[in-house]
Amino acid sequence: MVQVTPFLLVLFLALGAHGISAKKCNLTGRWVNDLGSNMTIMTVNAHGVFGGSYHTAVTATSNEIKVSPLQGALQKSPNQKGQPTFGFTVNWSFSDSITVFTGQCFVDDDGKEVLKTMWLLRSRVENIKNDWKATRVGINVFTRLQLQE
Ligand code: BTN
């Protein structure tokens with residue numbers, strides 16, 4: 001018992017310290033994804049609602065790419081434990097399309113924030129017969145854009 005007590009104390013302190021220092025994932029800021037697209041998320045309000053802008057690196061159209069607005073919501077339930085789920089919509093300013101993203105903000109093993117997302121891109125088609133080919137699906141992984149010195 002004499003040896004067990006210090007061991008339990010160390011274990012308790014280690015677990016406690018981990019719980020206190022566990023890094024939380026914060027959506028606010030500038031992000032880049034695996035396609036090279038950039039997005040900026042502005043302040044997330046008390047209800048989890050946020051806005052921002054999206055500069056896509058690619059397009060399914062032949063239009064000139066322009067920075068487009070996004071609006072989204074972060075899940076605020078206490079059960080999210082620092083790695084919250086979220087969703088946002090990008091209303092493309094240079095095409096007739098809309099993209100919805102859904103994902104989760106993770107802190108990886110190196111303490112780096114990563115947004116794992118899936119998206120649906122809805123393009124406008126001329127008639128209902130073409131509806132079958134109007135929606136694309138994919139995944140994007142975002143990491144925080146590091147500021148250059
Ligand atoms: C369009 O082509 O009509 C609008 C631009 C769509 C860009 C898509 S959205 C999903 C994927 N992820 C990106 O960062 N860009 C593409």
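As the structure lists them, so they are numbered: ligands from 1, and atoms in each ligand from 1. Note that the numbering runs from 1 along the sequence shown for the chain.
Heavy atoms from other residues, nucleotides or ligands lying under 6.0 Å from CZ of Arg144 number more than 12. Heavy-atom neighbours of Asn127 CG from other residues, nucleotides or ligands within 6.0 Å: above the threshold of 12.
Using a cut-off of 4.0 Å between Lys/Arg side-chain N and Asp/Glu carboxylate O, Asp110 and Lys23 are scored as not salt-bridged.
Residue Ser97 has at least one heavy-atom neighbour below 4.0 Å for each of these atoms of ligand 1: 3 (O). Each of the following atoms of ligand 1 lies closer than 4.0 Å to a heavy atom of Thr99: 9 (S). Below 4.0 Å from some heavy atom of Thr59 lie the following atoms of ligand 1, by number and element: 1 (C), 2 (O). Taking a cut-off of under 4.0 Å to the non-hydrogen atoms of Ser95, the atoms of ligand 1 that pass are 1 (C), 3 (O), 4 (C).
For Asn26 (side chain) and Lys24 (main-chain N/O), no donor-acceptor pair under 3.5 Å exists by modelled atom type.
Nearest-residue assignment for atom 16 (C) of ligand 1 (options Asn38, Ile65, Val58; heavy-atom criterion): Val58. The residue among Trp119, Tyr54, Trp92 with a heavy atom at the shortest distance from atom 10 (C) of ligand 1 is Trp119.
The part of Ser37 lying near ligand 1 is the side chain, judged by heavy-atom distances below 4.0 Å.
Between Phe88 and Phe101, the angle of the ring planes stays under 30°, which puts this pair in the parallel group of the 30/60° scheme.
There is no path of hydrophobic side-chain contacts, each under 4.5 Å, that joins Val141 to Leu27.
With respect to atom 15 (N) of ligand 1, the closest heavy atom belonging to the protein is Thr56 OG1, 2.9 Å. The nearest protein atom to atom 12 (N) of ligand 1, hydrogens excluded, is given as Asn140 OD1, 2.8 Å; this is a heavy-atom distance.
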What's the verdict on salt bridge (charged side-chain N to carboxylate O under 4.0 Å, His left out) for Asp96 and Arg122, showing C-alpha distance, side-chain angles and the deciding distance? CA-CA 9 Å; Asp96 297 331; Arg122 173 70 195 206; over 6 Å; no
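Backbone and side-chain nitrogen or oxygen atoms of Asn33 are examined, and one is located within less than 3.5 angstrom of a nitrogen or oxygen of ligand 1.
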